[in-house]
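Please read these numbers as outputs of a predicted model, since none were measured by experiment. Start at 1 and go down the list; that is how both ligands and their atoms are numbered.
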Amino acid sequence: MNNYNNDKNSNSKNYYETLKVSIDAPYEEIKKSYRKLVLLYHPDKISNDHSSFNSDSGNVANKEFNEIQKSWETLKDDALRKQYDALLLEQQRQKYSVSDEVDLDDMEYLEEEGQYTYPCRCGDQYIITEDQLSEGNDVVCCSGCSLSIKIIYEVEN
Ligand SMILES: [Zn+2]
C-alpha cells in the first residue's frame, strides 16, 4: 500500500476542508456536503467506474473516503465538534509566527478590565487578560492583524 505522506496530508487538511464547508457551517449544511462527497468518493462507486483493480486513483479515493467519514463522525456530533474546534483554534494559533517577545512589565495594565495591552505596529493592539495569563497562555494575536507576540513573564504559584 502506498503511503503518499498520508499523515502529513491528513494533518494539513482539517475536517471542514475535507467536507468542503466553512468552519461555522450549520449542521444541515455539513450533512448535505457530506452526502454529496460520499456519493462521489464511495469505494463501490470508484471500483465500478474503473475496471482496473488496485489503481492509484482507487487508493486515493479510498483514503479520501475514509477522511470524509472520519470528519463527518466528528462534526456531526455537537460535543465532538466543539472539542475539535478548540483543537483547531490552538493549531492555528501556533501556526501564526510570533513576531516579537514582550516582557509583561512593558505592557500597559488596565486595572478595571484586568487586561494587559501592547501596541502593535499596525496601529491596533494586543490584548491579554489576567485569566488568560493564569491559564498559561503566553501568545497573543493582534486584534487588528495576523501578527502575534509572545509574552515573557514569571509564573507565580
Ligand atoms: Zn496588528
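- Not counting sequence neighbours, the partners of Gln115 by the side chain to side chain contact (heavy atoms under 4.5 Å, CB included) test are Leu110, Glu113, Ile127, Thr129.
- Residues that satisfy the salt bridge (Lys or Arg N to Asp or Glu O under 4.0 Å) test with Lys36, not counting sequence neighbours, are absent from this structure.
- Legend: protein N/O/S atoms lying under 2.8 Å from the Zn ion (ligand 1), waters omitted, number 4.
- Other residues, nucleotides and ligands contribute only 12 or fewer heavy atoms inside 6.0 Å of the CD atom of Glu111.
- For Glu73 and Lys70, the salt-bridge test fails: no basic side-chain N is under 4.0 Å from an acidic carboxylate O.
- For Glu101, the side chain to side chain contact (heavy atoms under 4.5 Å, CB included) criterion is met by Lys150, Ile152, not counting sequence neighbours.
- A salt bridge links Asp78 with Lys82; the closest basic N to acidic carboxylate O contact falls under 4.0 Å.
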